[in-house]
Amino acid sequence: MILGSAALARVLQAAGADRAAQRVLAAGVLVAAATDVVVFVAAQRALGGLEAAQALAFAAATALGALATVRAARGAALHWRVGAVLFLLLLAYALRAGVLSLLVGQGDWPAALAILPSTAAGAAVLLAGGALFAASTQPWAAQGEQRWVAAAAFALLYSLALRLVYLGQLELTPQEAYYWNFARHLDIGYLDHPPLVAWLIAASTALGGGEFWVRLPAVASSLVAIYFVVRLARDVGGASLAARSALLATLLPFFFGIGAMMTPDAPLTAAWAAALYFLYRALLRDEHRAWLGAGAAIGAGMLAKYTMILVPLAVLAFMIVDARARRALLSPGPWAGALLALALFSPVVLWNVQHDWASFTFQGARRLATESKTFGLHLFAVFLLLVVTPWGIVGLFRGWARARPAASGEAVDRRAARFLALFVLVPLLPLAVTSVWTETKFHWTGPVWLAALPLMAVTFAVSARPARIDRPLAASWPPLLAALLSLYALLLFYYPVYGIGGLHAHHRYVETGWRELRAQVQQIEDRVAQETSRRPAVIGLDKHNMASQMAYYDPRGDGYRDTASRNIVFDEDALMYEFWFSPRDFAGRDLLLVACRREQIEDARLPARAQRLGPVEVLAAAGGRRECYARVLYGFTPATP
């Protein structure tokens, strides 16, 4: 799509480009956009497939756009950064392809029409990003701290656009489908998590159906977290530190991930970030009203995940080491905040009272029990590196080391650095200790690193008295963050929708093809209903993944009512399915059993639960890349309690 020259100039000026960059970028992008549209229409008619046509068109547009840019740049003193150009081309390609697949696949647009807004999306990325990163009359290092603000805005807006375009095109992970089932069985508490994730999904899906609406609260939670990170970092070190912290909160692996997948970690992270900001205002700025904000944030976080209890623990630790903060205990603020947090958390307490403390036992005593030890400290260390990258770990300690007295002019003074460091190290300690004898997971420490972001952001710049590591660390942050954003765009979004060179293999946890598998199950379900004049219930034979996906992708739309898990036929753990369904609920019914492990579908205990068993039927899942199995159990007889 060819944009008007006035509109192009406004886009480029907003990005900070000078006149020379405006002229060069406008020429190259206009030629590329026109080429993209023309070649795509021709290739799509000739090849038929969307993927090949759009890839060929983008390649042609890139080549001709590059030629036009070179011609327009003659005589202009521009510093071209080839790495930045390649980075922007990849970002533009991923977003453009996502808009195209969204409009054609879900909007039913004709491909020849859908390419117009798709090309416009790619052009916008190249224009704004090119003005910021790829071409200028002076090198990046000489352009001033305000460029960090522009870079943070670019990263945030691009990440947001990427999510909004792709999240409705990607099938739910089993865990997301499980939480969607929470929302279909609304309550004030659940066995394995507090209820906030269910409440948010229920509110969002009341506005619309599909994966996009399930995940929309995750996007909103990510934006809330970034907002409070910015406010905290601005208080700690000013606008420049806030912009750099926003970049980290947008692009480090954990923080990007919580905005793309709807789990309890998304609202937990938002509440944690809010709590840090209000606690900083209360403890370091002596703002008594901030205690109410902290209490509300902690209460909301406890409604998301019990890990939030580590934040009050850090508050106590800071009060122990900071005499000025201890004086706050003599005021009503902390106590009012604590009461507010308890009031917000009270529905979960009530649910536990009604269910023999099941959730507290599940998440507390059972997880802390040492009878069946599973050493996980090595994984805990590895996961720390994955959550925030090794750069984040080094940045935390270098940022702490560079803290100086408040009058020194450094970005972070010592008292603020002590606050931030304690709110990282104190919550990490119990998680590290328990990993010695119990399992640990990648995402558990994620929110803890919110307090470290301003300290990491300090290391984007070189101090007046730099250590040996400061210069290479500062120089490596921009390429690291650019590489991360490129990987997210390509591997997390483009690849699951289009594949790369025909390859579509996935890790089992994010495997696609659930809708396809459920359609095959539906065919068997309809056949059994025709044979027996009654519809069978669907039973997944793993803990909860299969049942959750079968319920979500049920084409009737009400699968959550009678899609259950393995506790129906076996005396085995099925988490919340044990609360939603009892074997007695299905007595005498026909059950359609579904599993992706053959030994589950051929379990020797099944004949005792049936009047008769049908044959094992093989289902082709994920485009034939894996096999699953189905079997009809006629006349279910529950086991004697």
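The structure presented is a predicted model; accordingly, all values stated were derived computationally and were not measured.
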> Should we say atom CZ of Phe579 is surrounded by more than 12 heavy atoms from elsewhere, each under 6.0 Å from it?
Replying inline: yes

>> side-chain contact (heavy atoms from CB on, under 4.5 Å), that's the test. Do Met456 and Arg244 meet it? Break it down for me.
In response: CA-CA 9 Å; Met456 297 179 196; Arg244 288 176 270 166; over 6 Å; no

>> Is any side-chain heavy atom of Leu170 closer than 4.5 Å to one of Glu211?
In response: no

> Does the side chain of Leu473 reach to within under 4.5 Å of the side chain of Phe460, using non-hydrogen atoms?
Replying inline: no

> Taking the inter-plane angle between the rings of Trp580 and His185 on a 0 to 90° scale, is it parallel (under 30°), tilted (30 to 60°) or perpendicular (over 60°)?
Replying inline: parallel

>> So Pro496 and Tyr166, do their side chains get closer than 4.5 Å, heavy atoms only?
In response: no

> Any idea which heavy atoms bring Ala416 and Leu284 closest together, and the distance?
Replying inline: CA-CD2, 3.7 Å

>> Are the side chains of Val388 and Phe254 in contact, using a 4.5 Å heavy-atom criterion?
In response: no

>> Please report the interatomic distance CG(Asp573) to CG(Asp542), rounded to the nearest 0.5 Å.
In response: 11.0 Å

> Is the backbone of Asp192 close enough, under 3.5 Å, to the side chain of Gln363 for a donor and an acceptor to pair up by distance?
Replying inline: yes

>> Let me confirm one number: the CE-NE2 distance from Met576 to His193, rounded to the nearest 0.5 Å.
In response: 11.5 Å

> Cation-pi between Arg163 and Phe256: NZ/CZ under 6.0 Å from ring centre and within 45° of the ring axis?
Replying inline: yes

> Could you go step by step and tell me if Asp322 and Leu283 meet the side-chain contact (heavy atoms from CB on, under 4.5 Å) rule?
Replying inline: CA-CA 9 Å; Asp322 190 280; Leu283 290 168; over 6 Å; no

> What do the steps show when you test Tyr277 against Val229 for side-chain contact (heavy atoms from CB on, under 4.5 Å), and what is the final call?
Replying inline: CA-CA 7 Å; Tyr277 167 72; Val229 165; over 6 Å; no

> Are any non-hydrogen side-chain atoms of Tyr179 and Ile201 less than 4.5 angstrom apart?
Replying inline: yes

> Would you call Asp286 and Arg324 a salt bridge, using N to O less than 4.0 angstrom?
Replying inline: yes

>> Once you measure the plane-to-plane angle for Phe318 and Phe419, does it fall in the parallel (<30°), tilted (30-60°) or perpendicular (>60°) bin?
In response: perpendicular

> For atom CZ of Arg289, is the number of surrounding heavy atoms from other residues, nucleotides or ligands below 6.0 Å larger than 12?
Replying inline: no

>> Tell me whether Trp335 at atom CH2 has more than 12 heavy atoms from other residues, nucleotides or ligands lying less than 6.0 Å away.
In response: no

>> Strictly distance-based, threshold 3.5 Å: is any side-chain N or O of Thr173 a donor or acceptor partner for the main-chain N or O of Glu176?
In response: yes

> Is Arg468 atom CZ crowded by more than 12 heavy atoms from other residues, nucleotides or ligands, each under 6.0 Å away?
Replying inline: no

>> When you compare the side chain of Ser548 with that of Tyr577, does any pair of heavy atoms fall below 4.5 Å?
In response: yes

> Between Phe154 and Tyr158, how do the two ring planes meet: parallel, tilted or perpendicular, split at 30° and 60°?
Replying inline: parallel

> To the nearest 0.5 Å, what is the distance between CG (Leu303) and CE (Met308)?
Replying inline: 10.5 Å

> Between Val436 and Phe380, is a side-chain contact (heavy atoms from CB on, under 4.5 Å) present by the stated rule, with each step listed?
Replying inline: CA-CA 9 Å; Val436 173; Phe380 179 84; over 6 Å; no

>> Checking the side chain of Ser331 only, and the main-chain atoms of Ala328 only, is there a donor and an acceptor separated by less than 3.5 Å?
In response: yes

>> What's the separation between atom CG in Leu455 and atom CH2 in Trp449, rounded to the nearest 0.5 Å?
In response: 10.5 Å

> Can you find a heavy atom in the side chain of Pro194 that is under 4.5 Å from one in the side chain of Met302?
Replying inline: no

> Between Ser159 and Thr250, which heavy-atom pair has the shortest distance, and what is it?
Replying inline: OG-CG2, 3.6 Å

>> Using the rule given for side-chain hydrogen bond (donor to acceptor under 3.5 Å, both in side chains), can you reason through Ser476 versus Trp391, listing the C-alpha separation, both sets of side-chain angles and the distance that settles it, and then say yes or no?
In response: CA-CA 9 Å; Ser476 63; Trp391 282 259; 2.9 Å; yes

> Which atom names give the shortest non-hydrogen contact between His544 and Leu575, and what distance separates them?
Replying inline: CD2-CD1, 3.4 Å

> If you measure from CG on Leu248 to CH2 on Trp477, what distance do you get to the nearest 0.5 Å?
Replying inline: 5.0 Å

>> How close do Ser245 and Pro454 get, counting heavy atoms only, and between which atoms?
In response: OG-CA, 3.5 Å

> So, Trp351 and Ser359: side-chain donor and acceptor under 3.5 Å apart, yes or no?
Replying inline: no

>> Just so I know, are the side chains of Tyr306 and Phe345 near enough to count as touching, which here means a heavy-atom distance under 4.5 Å?
In response: yes

> Can any side-chain N or O of Glu287 pair as donor or acceptor with the backbone N or O of Ala282 at less than 3.5 Å?
Replying inline: no

> Minimum heavy-atom separation for Thr459 to Gly395, with atom names?
Replying inline: CG2-O, 3.7 Å

> Which heavy atom in Leu252 sits nearest to a heavy atom in Tyr488, and how many Å separate them?
Replying inline: C-OH, 3.5 Å

>> To the nearest 0.5 Å, what is the distance between CD1 on Ile226 and CZ on Arg231?
In response: 15.5 Å

